[in-house]
Amino acid sequence: MKKHSAKVAPASSFSVSELHAAIIDGGEGLQSNTENNTENAEKSRCQSCTSTFLKFVWGFLIILSVSSSWVGTTQIIKITYKNFYCPFFMTWFSTNWNIMFFPVYYSGHFAMAPEKQTMLQKIRECSRIFGEDGLTLRLFLKRTAPFSILWTLTNYLYLLALRKLTATDVSALFCCNKAFMFLLSWIVLKDKFMGVRIVAAIMAITGIVMMAYADGFHGDSIIGVALAVGSASTSALYKVLFKMFLGTANFGEAAHFFSTLGFFNLIFISCTPVILYFTKVEYWSSFSALPWGYLCGVAGLWFAFNILVNVGVVLTYPILVSIGTVLSVPGNAAIDLLKHEVIFSVVRLGATIIICLGFLLMLLPEEWDEITLRFINSLKEKKSEEHTEDIAEPSLHTRSRSRANGTVSIPLS
């Protein structure tokens with residue numbers, strides 16, 4: 001029998017050309033993956049830059065809107081006082097407009113949200129700010145009553161202060177609420193201690209004392225300063241208690257809460273302006289004699305201010321919203337100077353500047369010192385890299401000239 005011998009080629013044997021083609025294909029695949037990763041990184045970087053740019057654009061618009069609405073509110077109140085002085089009625093009337101807060105929010109949700117909910121579903125969802133069971137009658141009275149009282153006191157004291165002081169002084173003193181809020185949060189909520197914010201609080205207190213001293217601690221000035229400081233204090237207490245009992249709230253929950261405040265004001269506080277009317281503390285001849293245009297202007301701008309503050313936190317950085325509030329001080333100062341021809345004394349001007357600087361110091365983040373050190377270190381690294389590149393450029397030019405006379409071959413292994 002003849003034995004048939006056959007040569008079987010091993011499966012793992014490749015020719016040199018096939019091996020070279022496989023290396024080229026692998027290199028091309030690796031290059032394409034690298035290019036894809038680079039493109040994805042560039043796209044994500046562009047998207048983050050675009051979102052940051054849009055946030056700053058929205059922030060700029062929010063700053064202008066917040067400061068304008070607050071300046072407009074303060075100045076219209078001063079104009080209204082010329083013919084009509086009923087500060088509690090104005091406070092009550094303006095607070096009633098908060099009822100429209102949730103309907104305005106729901107209109108925006110219904111117009112822009114991809115998954116639309118009915119108003120009843122949205123109310124149930126947003127009422128969780130009061131607890132897992134939502135808003136009950138007990139919680140309505142227990143949680144809403146103290147906040148409604150503080151809200152009314154804040155606005156009422158602010159309006160009383162505007163009778164005694166200029167709009168610039170009152171808006172500057174009201175900015176002290178940031179310092180009071182920090183002190184209360186540090187004591188009650190055990191927030192992180194920050195030396196720079198203690199300095200800002202001391203600056204705010206210094207500005208208050210200087211403002212009171214401007215007219216020699218007597219007359220309407222000291223009463224006006226006390227009223228404005230009282231308004232800032234109740235505002236700070238309102239915010240600290242909100243943070244303690246209700247925590248952080250999104251825009252929908254805040255809208256629900258504001259509307260609830262408006263309903264509480266309409267139901268339970270309506271008796272107060274009636275009592276003041278019949279006791280002739282705040283009296284007017286007839287409803288037709290009321291300056292409805294000014295009253296609606298004040299209430300509308302106040303309502304717009306509250307909406308802008310809450311929308312601004314969603315659309316942009318919260319620090320920009322706070323900057324819009326403090327910019328109302330120079331805005332009121334410009335109107336007082338140009339229109340009302342108010343002459344600011346050196347002491348009042350210094351007090352206003354000190355309070356505003358303290359307010360800006362309050363806006364520094366908790367890790368401001370670490371952020372500053374990182375920024376300084378990054379600047380130092382950039383300078384060292386630029387210095388290294390300047391030294392390396394002449395040597396690279398020298399090497400390129402020496403290699404230009406010959407060819408460089410890359411061996412294939």
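Treat the numbers as computed from the prediction; the structure is a model and nothing was measured. We're numbering straight along the sequence, starting at 1.
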Sidechain-backbone polar pair: S148 side chain, T144 backbone, donor-acceptor under 3.5 Å: no

I'd like to know whether NZ of K116 has more than 12 heavy-atom contacts from other residues, nucleotides or ligands below 6.0 angstrom. yes

May I ask you to check whether F257 and F147 place their ring centers less than 6.0 Å from one another? yes

Exceeds 12 heavy-atom contacts within 6.0 angstrom, atom OH of Y283: yes

Given I202, which partner from the list V199, I205, T206 fulfils the side-chain contact (heavy atoms from CB on, under 4.5 Å) test? T206

May I ask you to decide whether D336 forms a salt bridge with K78, counting only side-chain N to carboxylate O separations under 4.0 Å? no

In terms of heavy-atom contacts, V66 and G324 come closest through CG1-C, 3.8 Å

To the nearest 0.5 Å, tell me how far T168 OG1 sits from I335 CD1. 8.5 Å

Let me see the working for Y85 and T80 under side-chain hydrogen bond (donor to acceptor under 3.5 Å, both in side chains), right down to the final yes or no. CA-CA 7 Å; Y85 180 67; T80 308; over 6 Å; no

With side-chain hydrogen bond (donor to acceptor under 3.5 Å, both in side chains) as the test, would you mind laying out the steps for T166 and D169 before giving the verdict? CA-CA 5 Å; T166 64; D169 294 344; 3.2 Å; yes

In the structure I gave you, are the side-chain heavy atoms of I208 and C176 within less than 4.5 Å of one another anywhere? yes

Separation between CE of M100 and OG of S259, rounded to the nearest 0.5 Å: 9.5 Å

Using 30° and 60° as the class limits, which term best fits the ring planes of W186 and F193: parallel, tilted or perpendicular? tilted

Should we count CD1 of I187 as having more than 12 external heavy atoms under 6.0 Å? yes

Does the separation of the ring centres of H256 and F130 fall below 6.0 angstrom? yes

Considering only heavy atoms from C-beta outward, does the side chain of C296 approach that of W97 to under 4.5 Å? yes

For Y105 and H109, take the angle between the two ring planes, folded into 0 to 90°, and tell me which bin it lands in: parallel under 30, tilted 30 to 60, perpendicular over 60. parallel

Mark yes when over 12 heavy atoms from residues, nucleotides or ligands other than F344 sit less than 6.0 Å from its CZ; otherwise mark no. yes

Value for CG (N306) from OG (S94), rounded to nearest 0.5 Å, stands at 10.0 Å

Would the number of heavy atoms belonging to other residues, nucleotides or ligands and lying under 6.0 Å from CZ of R163 be above 12? yes

Pairwise side-chain contact, T325 with F174, heavy-atom cut-off 4.5 Å (strictly under): no

Over 60° means perpendicular and under 30° means parallel, so tell me whether F101 and F258 are parallel, tilted or perpendicular. parallel

Greater than 12 external heavy atoms within 6.0 Å of K339's NZ: no

Side chains of L327 and P330, heavy atoms from C-beta outward: is any pair under 4.5 Å? yes

Interatomic distance, CG@L295 vs CD1@I77, rounded to 0.5 Å, equals 10.0 Å

I'd like to know if the side chain of Y158 pairs up with that of T74 as donor and acceptor (distance under 3.5 Å, no hydrogens or angles considered). yes

Passes side-chain hydrogen bond (donor to acceptor under 3.5 Å, both in side chains), R143 versus T136? Steps please. CA-CA 10 Å; R143 292 289 173 88; T136 60; over 6 Å; no

If you define the side chain from C-beta out and look only at heavy atoms, does anything of Y238 sit under 4.5 Å from S233? no

F110 CZ: over 12 foreign heavy atoms closer than 6.0 Å: no

Side chain to side chain, F303 and V104, heavy atoms closer than 4.5 Å: yes

Could you check Y294 against F84 for ring-ring contact (aromatic ring centres under 6.0 Å, His included), going step by step and ending with a plain yes or no? CA-CA 10 Å; Y294 289 130; F84 182 78; over 10 Å; no

Could you go through S322 and F359, starting from their C-alpha distance and side-chain angles, then the distance that decides it, and tell me whether this counts as side chain to side chain contact (heavy atoms under 4.5 Å, CB included)? CA-CA 9 Å; S322 299; F359 184 93; 4.2 Å; yes

K122 vs E125 side-chain heavy atoms within contact, under 4.5 Å: yes

Quick one: are R197 and L361 in side-chain contact, heavy atoms under 4.5 Å? no

Measure the spacing between OG1 of T154 and CG of L237 and express it to the nearest 0.5 Å. 8.5 Å

Show your reasoning for whether side-chain hydrogen bond (donor to acceptor under 3.5 Å, both in side chains) applies to S286 and S288. CA-CA 5 Å; S286 63; S288 60; 3.0 Å; yes

Which pair of heavy atoms, one from C175 and one from I355, lies closest together, and at what distance? CB-CG2, 4.2 Å

Classify the ring geometry of F89 against W92: parallel below 30°, tilted from 30° to 60°, perpendicular beyond 60°. tilted

